[in-house]
K.L.:
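Shown below is the structure under consideration.
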Amino acid sequence: MRVLIGLLVIASALGWPTFNDLIPNGDKVPNPCNPSLIWNGVGHLGPYGSGPRNQFGHDFIKAGKVWSDICRLDSDGDGKYNGLELGDPNCEWSTTARNLTLPAFSHPGVCEPWDSTACLAMNASLDCHADKVSTDCEQIDEPGVKKYDMFLDNYSIPLKDFVFVCRIFDLPTQMDYHVIASKPINHQSKHVGQVAVYGCSPNAAELTRKTVFECSSSVAKPCQDLIAIMDQGEMDQGNCFPRDVGLLIGKSGYKQVLMKWTFQNPLKESARTNAGMSLYLTPNLKKYNAGVAILEETHFSIPGNLPTYSVSSACPSSCTQIQMKSPVTVVAGVNVMGHFGVKQRVDVERNDRIYNSITEDTKYDVNNPRVFWYTTPVPVLPGDMLKLTCEYNTMGVRNDVTWGMGPNQEICKTILIYYPKENWHDHHCESFKNIPLCALEIGDAVFGCTYRGFMLALTNDPGLYDLSNCAQSASCSDECLQKTRAARSSACLSGDMYDLWKLMAKSLRDPKLITLYKALVICEERYTSSMFEGRSQRGQK
């Protein structure tokens with residue numbers, strides 16, 4: 001009898017591994033309380049197969065332990081069906097066809113996010129602490145893991161209310177490593193705010209500037225890929241990647257990083273610091289490479305003296321359908337705006353409905369942007385739309401606020417860390433004003449303009465919009481105005497598309513495009529005035 005009881009206890013502690021074999025990714029389901037850990041007893045309330053069954057466990061037993069019968073069920077009631085949560089969105093997995101390539105995204109027996117208002121009542125039996133990232137990162141104790149420190153050397157903190165300071169660091173390159181965790185070091189100074197590390201593109205030339213320098217709220221190319229970031233509330237804990245995920249550095253990955261500190265010193269106190277960041281590296285590469293995606297809107301303008309003004313852009317479903325080979329999982333994110341920014345978010349839309357809102361910050365602080373490390377990683381599927389929205393307050397500002405990196409300019413950007421990197425090959429989704437550039441690149445029509453076809457027609461058809469005589473004039477004649485009206489009637493030469501075309505025409509250096517550009521610019525003022533006059537006359541009638 002003792003032997004039988006012992007065997008039962010062991011089986012319970014391991015979460016009945018034979019049951020785990022009957023569902024996809026049964027042995028790799030992330031712990032909703034801490035995604036760096038595994039929930040071994042998926043059908044039970046306890047993370048090690050202990051305690052009574054959760055609803056997923058009840059459904060599994062009721063279905064005779066047949067996965068296909070419960071794949072489309074939403075056992076935990078969080079709006080995501082079991083197959084989507086366990087990495088089998090098309091319900092194709094079976095015990096005889098285990099050709100599964102996706103990870104488990106979340107727990108099918110725990111409503112997630114576990115601490116949301118909608119889930120708290122359903123998760124009454126779940127014991128989760130509020131820490132979004134555990135200070136105890138198991139991975140850093142694995143054999144071969146080493147700590148790589150980057151810090152300031154007795155740096156004198158500037159006597160300013162706040163300031164951004166940057167420095168370039170070289171990374172180890174003798175072999176490939178995965179960054180699996182990070183933690184601030186020497187952060188005791190009360191003046192140290194956020195600390196962030198950005199990877200510099202491996203394809204860019206080596207940066208030779210190694211001294212400390214003041215920088216802006218947003219870092220410029222080629223160092224824009226977020227590797228690690230912590231705000232004041234996280235200075236006593238670390239950021240830990242999920243167990244099977246690492247960010248590649250070394251021979252095949254990032255070779256340099258830019259570290260950015262935010263210092264706040266409103267009392268102008270004299271102080272020095274050695275603040276920095278430790279990266280935990282392992283030569284034992286993990287299963288998945290982490291990637292960095294950037295969603296960004298550019299070249300926009302915000303009217304002055306407004307309490308609220310929003311700009312938005314999107315990575316359309318047609319783009320993610322082509323750019324993504326398979327689903328990806330977002331594990332972290334951070335918003336980036338300037339001093340006028342007040343709110344920002346990214347919505348994941350699926351089938352014309354908002355599936356999830358990520359990086360939703362309703363009280364944006366440029367000096368200490370909120371860092372999102374997701375207890376429940378967010379799946380993004382090919383065909384999802386990612387919509388970026390930034391809101392600004394320009395009260396007291398007389399002139400328009402333009403896009404740019406200057407002290408009185410604005411930006412609208414979100415940086416996401418996701419995996420597997422290889423599943424999202426073109427992960428910089430940029431918009432010119434509200435025009436998604438990826439849509440133009442794949443040949444989609446935007447505002448009635450199929451940009452690629454239009455540019456080919458301009459290049460290949462000598463008779464299309466021939467304004468060569470107008471380009472040589474000092475002023476816009478009546479004849480040139482008529483030709484300009486004919487050209488500007490095209491959807492590709494009107495509104496924001498016209499501004500984008502002008503930007504592209506100058507960079508392409510095609511003689512015909514340059515000629516057309518010169519002619520349209522010469523007649524731009526007359527054309528705009530005539531359009532206003534026409535609208536005014538139509539209004540009077």
K.L.:
Which of these, Val212, Thr211, Leu207, sits in a side chain to side chain contact (heavy atoms under 4.5 Å, CB included) with Arg209?
P.N.:
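For Arg209, the side chain to side chain contact (heavy atoms under 4.5 Å, CB included) check succeeds only for Thr211.
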
K.L.:
To the nearest 0.5 Å, what is the distance between CG on Leu500 and CZ on Phe447?
P.N.:
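Nearest 0.5 Å value for the CG-CZ distance: 11.0 Å.
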
K.L.:
For the CG atom of Asp176 and the OG atom of Ser252, what is their distance to the nearest 0.5 Å?
P.N.:
3.5 Å

K.L.:
Assess whether a salt bridge exists between Asp347 and Lys387, defined as any Lys/Arg side-chain N lying under 4.0 Å from an Asp/Glu carboxylate O.
P.N.:
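Salt bridge flag = no for Lys387 with Asp347.
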
K.L.:
Phe241 ring centre to Arg243 NZ or CZ under 6.0 Å, with the angle to the axis within 45°?
P.N.:
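Checked: cation-pi criterion not met.
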
K.L.:
Can you confirm whether or not the ring centre of Phe263 sits under 6.0 Å from the ring centre of His191?
P.N.:
no

K.L.:
Should Lys433 and Asp499 count as an ion pair when the cut-off is N to O under 4.0 Å?
P.N.:
yes

K.L.:
So, Asp384 side chain and Leu381 main chain: donor-acceptor pair closer than 3.5 Å or not?
P.N.:
yes

K.L.:
Between Lys286 and Asp244 (salt bridge meaning N to carboxylate O under 4.0 Å), is one present in this structure?
P.N.:
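Looking at Asp244 together with Lys286, the answer is no, because their closest N to O distance does not fall below 4.0 Å.
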
K.L.:
Rounded to the nearest 0.5 Å, what separation is found between the SG atom of Cys119 and the CD atom of Glu112?
P.N.:
7.5 Å

K.L.:
Which pairs of donor and acceptor atoms, one on a side chain in residues 153-165, lie under 3.5 Å apart (sequence neighbours left out)?
P.N.:
| unit_1 | atom_1 | unit_2 | atom_2 | d |
| --- | --- | --- | --- | --- |
| Lys160 | NZ | Glu214 | OE1 | 3.0 |
| Lys160 | NZ | Glu214 | OE2 | 3.1 |
| Asp161 | OD1 | Lys268 | NZ | 2.8 |

K.L.:
Among Val195, Ile168, Leu152, find the residue that satisfies the side chain to side chain contact (heavy atoms under 4.5 Å, CB included) test when tested with Met259.
P.N.:
Val195

K.L.:
If you measure from the Lys or Arg side-chain nitrogens to the Asp or Glu carboxylate oxygens, is any gap between Glu269 and Lys190 under 4.0 Å?
P.N.:
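Yes, charged N to carboxylate O under 4.0 Å.
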
K.L.:
Could you check, using the six-membered ring where one of them is a Trp, whether Tyr288 and Tyr419 have ring centers closer than 6.0 angstrom?
P.N.:
yes

K.L.:
Look at the SG atom of Cys315 and the SG atom of Cys438, then say if they are under 2.5 Å from each other.
P.N.:
no

K.L.:
Quick check on side chain to side chain contact (heavy atoms under 4.5 Å, CB included): which of Val328, Val380, Thr329, Val29 does Phe105 satisfy it with?
P.N.:
Thr329

K.L.:
Please round to the nearest 0.5 Å and tell me the distance separating atom CG of Asn82 and atom CG of Asp76.
P.N.:
7.0 Å

K.L.:
Distance from Ile415 atom CD1 to Ile294 atom CD1, nearest 0.5 Å?
P.N.:
5.5 Å

K.L.:
Let me see the working for Val397 and Val401 under side chain to side chain contact (heavy atoms under 4.5 Å, CB included), right down to the final yes or no.
P.N.:
CA-CA 8 Å; Val397 181; Val401 176; 4.0 Å; yes

K.L.:
Could you tell me whether the SG atom of Cys319 lies less than 2.5 angstrom from the SG atom of Cys429?
P.N.:
no

K.L.:
Kindly check if the number of other-residue, nucleotide or ligand heavy atoms within 6.0 Å of CZ (Phe151) is above 12?
P.N.:
no

K.L.:
Can a salt bridge be assigned to the pair Asp149 and Lys147 using a cut-off of 4.0 Å between side-chain N and carboxylate O?
P.N.:
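Lys147 and Asp149: salt-bridged.
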
K.L.:
First locate atom OG of Ser201, then atom CD of Gln224, and finally report the distance between them rounded to the nearest 0.5 Å.
P.N.:
10.0 Å

